[in-house]
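I have placed the structure first, in the form of structure tokens, so that the comments after it can refer back to it.
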Protein chains: 2
Amino acid sequence: MMASVTGTGESVSAASLRRLPSYRQYLKVLQGMGREVVSCSHIGQALKLNPTQVRKDLAVTGIVGRPKVGYETEALIEAIESFLGWNNLNQAFLVGVGSMGTALLGYDQFNHYGLKIVAAFDNNPSLIGQKIHGHEVLSLDKLTDLAARMHVLVGILTVPAQAAQSVANLMIFGGIRAIWNFAPAPIEVPEGMVVQTEDLFSGFAVLSSRLAEVMGIRRKAGVNADANRR
Amino acid sequence: MMASVTGTGESVSAASLRRLPSYRQYLKVLQGMGREVVSCSHIGQALKLNPTQVRKDLAVTGIVGRPKVGYETEALIEAIESFLGWNNLNQAFLVGVGSMGTALLGYDQFNHYGLKIVAAFDNNPSLIGQKIHGHEVLSLDKLTDLAARMHVLVGILTVPAQAAQSVANLMIFGGIRAIWNFAPAPIEVPEGMVVQTEDLFSGFAVLSSRLAEVMGIRRKAGVNADANRR
DNA sequence: TAGATTGTTAATCGATTAACAATC
DNA sequence: TAGATTGTTAATCGATTAACAATC
């Protein structure tokens with residue numbers, strides 16, 4: 001089979017991409033246990049996924065397995081990391097040193113995910129100049145210039161919703177190409193840029209709804225105990 | 001049309017549930033601007049979603065709109081919150097006062113999401129007894145008993161992967177019915193319990209992959225560098 | 001070898017989007 | 001009224017799962 005480059009056209013589905021980190025996580029556990037090869041059915045069983053789905057997901061990384069045997073654990077981990085670009089470090093700026101920003105600054109495993117937070121920014125004077133988890137907090141108006149000079153590609157946005165777009169604009173002007181957005185607001189960026197918006201509460205909505213279901217306390221709006229025709 | 005209670009059978013898709021918080025968020029903004037009614041096309045435009053999809057999502061809450069007019073902003077917000085159970089407070093325990101746990105303890109808006117963290121737990125002696133964002137940290141071995149006595153229904157799991165299952169078991173024994181799991185590990189729970197596992201890095205994997213794409217540095221494993229045009 | 005597992009194509013399933021009648 | 005918008009059914013799209021030949 002010919003070498004295939006994942007070019008502009010054939011984009012991998014977000015659903016597959018989102019599962020790759022959990023494969024990697026589990027493979028690391030297996031690796032720590034000294035397991036040298038692993039099959040899709042084994043992975044699927046541990047992660048409660050269909051083995052065919054696992055196989056297709058892994059295939060996007062370009063890994064080739066051996067029939068009857070499976071995949072080499074080591075090679076598989078490397079294929080995932082290489083596919084995601086996690087084996088070489090991207091510099092990142094973080095803006096907004098609130099609770100979420102502080103948590104991310106304190107996370108010391110980012111280097112295993114190809115990410116190095118090289119500076120933190122805020123516009124709160126009482127934070128500027130302070131060191132948070134070893135990162136000095138800089139003034140927001142240094143962001144654009146510094147991003148451009150350091151060729152920073154990744155911006156982490158942990159500001160309140162109202163500030164999201166204006167800070168994103170600063171990042172864009174500074175040449176940042178990908179924004180990891182934790183603000184609960186959609187942001188506009190030019191064509192060709194990457195935005196990944198995380199909403200903590202989207203997952204919580206699923207939990208809330210399922211809990212209401214199992215507790216049997218779910219009623220639709222406006223529905224009274226008896227009949228609600230109209 | 002008959003009144004319909006969303007009972008055990010007809011479960012709403014997770015995809016729809018995950019979008020409800022962003023509708024709510026945007027509706028709050030509109031409400032703050034004094035807007036009294038809103039149409040699906042308006043919401044869809046702001047959030048970049050198909051209007052029919054918005055309509056279907058909102059329909060799960062039981063809200064009824066008026067043709068040619070739309071939905072009452074106020075009523076729509078309430079319908080979403082009521083559907084998700086966010087209008088009455090659930091008590092929650094948080095276990096694992098690391099960076100993520102601390103961030104969540106510091107988030108003061110949970111009461112708008114129907115959640116009140118009433119206690120924090122850790123097994124680190126240097127943390128026990130301390131106050132973190134106003135929450136005293138208790139010893140882990142008090143969890144099960146206290147959960148049962150206080151009838152706590154929600155557990156927030158912010159511990160390392162290795163500890164996830166054993167702490168989850170403590171929660172289960174204490175009668176907790178829903179676990180919001182931030183540990184990068186799948187956990188096993190009995191039938192009828194709710195688990196919502198969040199993986200911060202699943203979103204980051206999407207970002208990483210898209211960034212590698214737009215930067216043109218994506219190669220599949222085993223593919224050599226040469227024929228990588230465009 | 002026989003059987004387990006891969007890689008891949010086909011079938012199924014579910015979610016999204018389009019179409020359209022009802023309606024204020 | 002005319003036209004915009006809802007509610008709902010039908011069509012489309014994409015992701016998941018099943019089937020199966022190739023293979024070590």
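Numbered from 1 within each chain, the chains take letters A, B, ... in sequence-line order. Keep in mind that the numbers below use all heavy atoms, side chains included, and drop hydrogens, waters and symmetry copies.
Comparing C/dT17, D/dT6, C/dG7 by their nearest atom to the side chain of B/Q53 picks out C/dT17. In this structure, the nucleotide among D/dA15, D/dG7, D/dC24 sitting nearest to the side chain of B/Y71 is D/dG7. The side chain of A/K56 sits closest to D/dT16 out of D/dT5, C/dT6, D/dT16. Looking at the side chain of B/A15, the nearest of the listed nucleotides D/dA15, D/dT6, C/dT16 is C/dT16. The side chain of A/T52 approaches D/dT17 more closely than any other nucleotide in the set D/dT17, D/dT6, C/dG7.
Atom CG of A/L76 is separated from atom C1' of C/dT6 by 13 Å (rounded to the nearest Å). Put simply, CZ on B/R55 is 9 Å from P on D/dT5, counting in whole angstrom units. Rounded to an integer number of Å, the gap from CD1 of B/I63 to P of D/dT6 is 12 Å. Atom CG in B/N50 sits roughly 8 Å away from atom C1' in C/dA18 (whole-Å rounding). Taking atom CD on B/Q45 and atom C1' on D/dT5, their separation rounds to 14 Å, with Å as the unit. Here the P atom of nucleotide D/dT16 and the CG atom of A/L58 are 14 Å apart, to the nearest Å. Straight-line distance from the CG atom of A/D57 to the P atom of C/dG7: 13 Å, rounded to whole Å.
Remark: A/R66 is not in phosphate contact with D/dC24, judged by side-chain N or O atoms under 4.0 Å from OP1 or OP2. The shortest distance between the side-chain N/O atoms of A/R18 and the OP1/OP2 oxygens of D/dA15 is not below 4.0 Å. Between A/R19 and D/dT16 there is a side-chain polar atom (N or O) within less than 4.0 angstrom of OP1 or OP2.
Side-chain contact between B/M215 and B/E213 is absent, with no heavy atoms from C-beta onward closer than 4.5 Å. B/V37 places none of its side-chain heavy atoms less than 4.5 Å from the side chain of B/Y71.
Nucleotides of DNA chain C nearest to A/K68 and A/V38 differ in position, and the one nearer the 5' end is that of A/K68. Sequence order on DNA chain D of the closest nucleotides to A/V69 and A/S16 puts A/S16 first from the 5' end.
Residues B/R24 and B/E78 are not paired through a salt bridge, judged by the lack of any N-O separation under 4.0 Å between the basic side chain and the carboxylate. Ionic pairing of A/R35 and A/E72 is not present here: no N-O contact between side-chain nitrogen and carboxylate oxygen is shorter than 4.0 angstrom.
Ring centroid separation for the pair B/F201 and A/Y107 comes in under the 6.0 Å cut-off.
Checking D/dG14 for Watson-Crick or G-U wobble geometry (two distances, each under 3.5 Å) identifies C/dC13 as its partner. Remark: C/dT8 base-pairs with D/dA19. Criterion, Watson-Crick or G-U wobble with two distances under 3.5 Å. Of all nucleotides present, only C/dC24 satisfies the Watson-Crick or G-U wobble test against D/dG3, with each distance under 3.5 Å.
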